Protein chains: 2
Amino acid sequence: MTTATSSRALEHPTRDQIRLEAVLHALADPVRLRIVRDMARERAELSCSYFDLPVTKSTTTHHFRVLREGGVIRQTYRGTAKLNALREDDLEALFPGLLATVLAAADAQVTREDATA
Amino acid sequence: MTTATSSRALEHPTRDQIRLEAVLHALADPVRLRIVRDMARERAELSCSYFDLPVTKSTTTHHFRVLREGGVIRQTYRGTAKLNALREDDLEALFPGLLATVLAAADAQVTREDATA
DNA sequence: ACGCTAGTACGGTAACCATCGTAGTACGGC
DNA sequence: GCCGTACTACGATGGTTACCGTACTAGCGT
């Protein structure tokens, strides 16, 4: 109503509310890990519909909420779309190197799987 | 029966069976994260009873099993005790830097909590 | 053999979680 | 205003998890 680019508010933990256990839990699911990997690769704010996930839309919403409430991503409404951004700065400040290391680990695992398959 | 130092076999995933998601899930629980931190700090094979955890013995067994089946620790019987060791070499080979980064993140979080409290 | 210590196995419970379908809201375009 | 697209909210369901207590096994010491 008042502002232009966004309208509804989304609950996000503040930086100091982010808990390591919640971040690890958010990253421990294959669907969510894939989302985070895609976001890190594209390095841009992506809408939820960008991702081609093997689950329905309502389940997708659920996974994005877990990521948001865990402090891994930041979501903002932009018209009818919802843009998702990794909270790289917050995570780096809290847990230096964690996100990069997990992403590298995920890459390594996928590489190994491809080699085996 | 046959060998001397150990007797019963425990199921462990082989190195190539270790999955990142399982490792992250194992580390995402506060009790298990604390166990892993203690093991990394002491840098020795510790018996289960070394740890002073806020749960009962049967729950402790459960958590150690999750860590073992996730590939985070290796357990061996040694007489009446069961020795626990971090699988640092396997984890490092699969996911370089992951364990150290998570442990550093856990330390950082505890430090922040102590400063706030 | 007996008891002590360390840990397991089993069974149960309550909470959580990933998943879905359906119905609904918000926004942009026509 | 109407429709389509993007996403949400709600309710249900089945599977997993964290936790417990009790009963049990394995090894050590005496």
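Lettering follows sequence order; numbering is per chain, from 1. Please read these numbers as outputs of a predicted model, since none were measured by experiment. Computed from heavy atoms alone, side chains included, the values below leave out hydrogens, waters and symmetry copies.
Closest non-hydrogen pair, B:Asp52 versus B:Arg34, comes out as O-NH2, 2.5 Å. Here the shortest heavy-atom pairing between A:Asp29 and B:Glu21 reads C-CG, 4.5 Å. Summarising the geometry of B:Thr101 relative to B:Gly97, their closest heavy-atom pair is OG1-O, 2.6 Å, with the distance given to 0.1 Å. Residues B:Ala22 and B:Gly70 approach most closely at CB-CA, 4.2 Å, considering heavy atoms.
Spacing between atom CD of B:Gln75 and atom C1' of C:dG7 amounts to 10 Å, rounded to whole angstrom units. Atom-to-atom, CG of A:Asn84 to P of D:dC7 comes out at 8 Å; the value is rounded to the nearest Å. Taking atom CZ of residue A:Phe51 and atom P of nucleotide D:dA6, one finds them 14 Å apart after rounding to whole Å. Rounding to whole angstrom units, CZ of residue B:Arg68 and C1' of C:dA9 are separated by 13 Å. If you take CZ of B:Arg65 and C1' of D:dA18, they are 12 Å apart, rounded to a whole angstrom. Between A:Glu69 atom CD and D:dA9 atom C1' the separation is 14 Å, expressed in whole Å. The separation between A:Leu53 atom CG and D:dC7 atom C1' is 14 Å, rounded to whole Å. B:Phe64 places its CZ atom 11 Å from the C1' atom of C:dG7, with the value rounded to the nearest Å.
Sorted by first then second residue, the ring-ring contact (aromatic ring centres under 6.0 Å, His included) pairs that include residues 34-54 of chain B, not counting sequence neighbours, are B:Phe51-B:Phe64.
Put simply, B:His62 has no side-chain N or O that comes within less than 4.0 Å of OP1 or OP2 on C:dA9. Within the structure, a side-chain polar atom (N or O) of B:Ser49 is placed less than 4.0 Å from OP1 or OP2 of C:dG7.
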Could you go over nucleotides 20-23 of chain C and give all protein N or O partners under 3.5 Å, atom names and distances?
from	atom 1	to	atom 2	distance (Å)
C:dC20	OP2	A:Thr56	N	2.8
C:dC20	OP2	A:Thr56	OG1	3.1
C:dC20	OP2	A:Thr59	OG1	2.8
C:dG21	N7	A:Ser58	OG	3.2
C:dG21	O6	A:Ser58	OG	3.2

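Annotation: the span from B:His63 atom NE2 to B:Thr60 atom OG1 amounts to 7.0 Å, rounded to 0.5 Å.
The stretch residues 17-38 of chain B touches DNA chain D through B:His25, B:Asp29, B:Arg32, each having a heavy atom within less than 4.0 Å of the strand. A heavy atom closer than 4.0 Å to some atom of DNA chain D occurs in no member of residues 39-47 of chain B.
Ion pairing of A:Glu88 with A:Arg43 is present here, as a side-chain N (NZ or NE/NH1/NH2) and a carboxylate O approach within less than 4.0 Å.
A:Asp90 is linked by a side chain to side chain contact (heavy atoms under 4.5 Å, CB included) to A:Arg15, A:Ile18, A:Arg74, A:Arg87, counting only residues two or more places apart in sequence or in another chain. For A:Glu11, there are no salt bridge (Lys or Arg N to Asp or Glu O under 4.0 Å) partners two or more places apart in sequence or in a different chain.
Among the candidates B:Ile73, B:Leu67, B:Val72, B:Leu103, the single residue satisfying the side-chain contact (heavy atoms from CB on, under 4.5 Å) test with B:Met39 is B:Ile73.
Residues B:Thr61 and B:Ser58 bring no donor and acceptor atom of their side chains to less than 3.5 Å of each other.
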